[in-house]
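For clarity, every value in this text was computed on a predicted model and none was experimentally measured. All heavy atoms count here, side chains included; hydrogens, waters and symmetry mates do not.
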Amino acid sequence: MDPAALTRIEKLNYIFGVALVLICAGVTDTTFTLGVLTGVILTCLNFSLVRILVTKLLAAGAEKQGRAAILFIPKMSGLILAAALAVFLLPISPIGLGIGFSVFLVSIMVESIRFMTGAALLG
């Protein structure tokens, strides 16, 4: 994976996330919008951490890649814990949370299409 592609996906996460939250704020109730916002925040933070970890993993020598890769376990555990706590403790829609969290799928799809077609996108 190209670190520049990860940066583009991260930027797309923020752009699509803001757009989705603004759309939801205009057409859905507060609980759903807060769920989407929470999902977008979690997915953006998660992908930022993924980008950092993958960059470190690619930069590390073969003997240190195992140490860098093991950091994905606490990152994923923290993400699952944050999502569970959000659903149980915040007045949000779990469906909204899921929709907000799925923004990264759209970002990856757009970057994949950009890669396949060779089109320039977000420098």
Side-chain angles (χ1 to χ4, degrees):
M1 167 107 352
D2 177 21
L6 290 173
T7 302
R8 283 189 298 270
I9 293 170
E10 184 180 15
K11 288 178 185 178
L12 287 171
N13 275 339
Y14 288 109
I15 292 167
F16 291 148
V18 167
L20 181 62
V21 170
L22 291 175
I23 290 168
C24 287
V27 298
T28 64
D29 67 338
T30 305
T31 304
F32 191 85
T33 302
L34 288 175
V36 170
L37 176 64
T38 304
V40 166
I41 290 170
L42 287 176
T43 197
C44 287
L45 290 175
N46 180 55
F47 203 86
S48 293
L49 289 173
V50 166
R51 182 190 52 79
I52 291 166
L53 290 174
V54 168
T55 302
K56 285 183 181 181
L57 189 64
L58 293 174
E63 67 282 347
K64 293 185 179 179
Q65 284 183 345
R67 269 191 250 151
I70 201 76
L71 294 175
F72 280 94
I73 294 171
K75 182 208 66 76
M76 194 63 192
S77 299
L79 175 66
I80 292 169
L81 179 64
L85 289 173
V87 168
F88 289 113
L89 300 177
L90 298 176
I92 63 171
S93 165
I95 295 171
L97 178 78
I99 290 171
F101 193 79
S102 64
V103 163
F104 82 98
L105 295 173
V106 178
S107 301
I108 290 171
M109 181 184 69
V110 169
E111 176 59 20
S112 297
I113 292 169
R114 188 219 55 86
F115 176 77
M116 290 186 299
T117 61
L121 181 66
L122 294 178

Once you round to the nearest 0.5 Å, how far does [atom1] of [X] lie from [atom2] of [Y]?
X: Leu45; Y: Glu10; atom1: CG; atom2: CD; answer: 9.5 Å
X: Ile95; Y: Thr31; atom1: CD1; atom2: OG1; answer: 12.0 Å
X: Ile113; Y: Thr117; atom1: CD1; atom2: OG1; answer: 8.0 Å
X: Leu12; Y: Thr7; atom1: CG; atom2: OG1; answer: 11.0 Å
X: Leu37; Y: Leu22; atom1: CG; atom2: CG; answer: 10.0 Å
X: Phe16; Y: Ile9; atom1: CZ; atom2: CD1; answer: 11.0 Å

Yes or no on side chain to side chain contact (heavy atoms under 4.5 Å, CB included) for Phe47 and Val103, after CA distance, side-chain angles and deciding distance? CA-CA 11 Å; Phe47 203 86; Val103 163; over 6 Å; no
Side-chain heavy-atom pair [X], [Y] within 4.5 angstrom cut-off:
X: Ile23; Y: Val36; result: no
X: Phe104; Y: Leu42; result: no
X: Met76; Y: Leu79; result: yes
X: Leu57; Y: Leu71; result: no

Do Thr28 and Thr33 meet the criterion of a side-chain donor-acceptor pair at a distance under 3.5 Å?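 On atom types as modelled, these side chains qualify, holding a pair under 3.5 Å.
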Should [X] and [Y] be regarded as members of a common hydrophobic cluster, given that ILVMFWY residues are connected when their side-chain heavy atoms come within less than 4.5 Å of each other, either directly or indirectly?
X: Val50; Y: Leu105; result: yes
X: Val54; Y: Ile108; result: yes
X: Leu34; Y: Val87; result: yes
X: Val18; Y: Val40; result: no

Does [atom1] belonging to [X] count more than 12 external heavy atoms closer than 6.0 Å?
X: Lys56; atom1: NZ; answer: no
X: Ile70; atom1: CD1; answer: no
X: Ile52; atom1: CD1; answer: yes

Just do the side chain to side chain contact (heavy atoms under 4.5 Å, CB included) check on Leu81 and Ser77 with the steps written out, would you? CA-CA 6 Å; Leu81 179 64; Ser77 299; over 6 Å; no
Please determine whether side chain to side chain contact (heavy atoms under 4.5 Å, CB included) holds for the pair Val27 and Phe32, giving the CA-CA distance in whole Å, both sets of side-chain angles, and the decisive distance to 0.1 Å. CA-CA 10 Å; Val27 298; Phe32 191 85; over 6 Å; no
Donor-acceptor pair, Thr43 side chain versus Gly39 backbone, under 3.5 Å?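 No, the answer is negative, given that no donor and acceptor are paired below the 3.5 Å cut-off.
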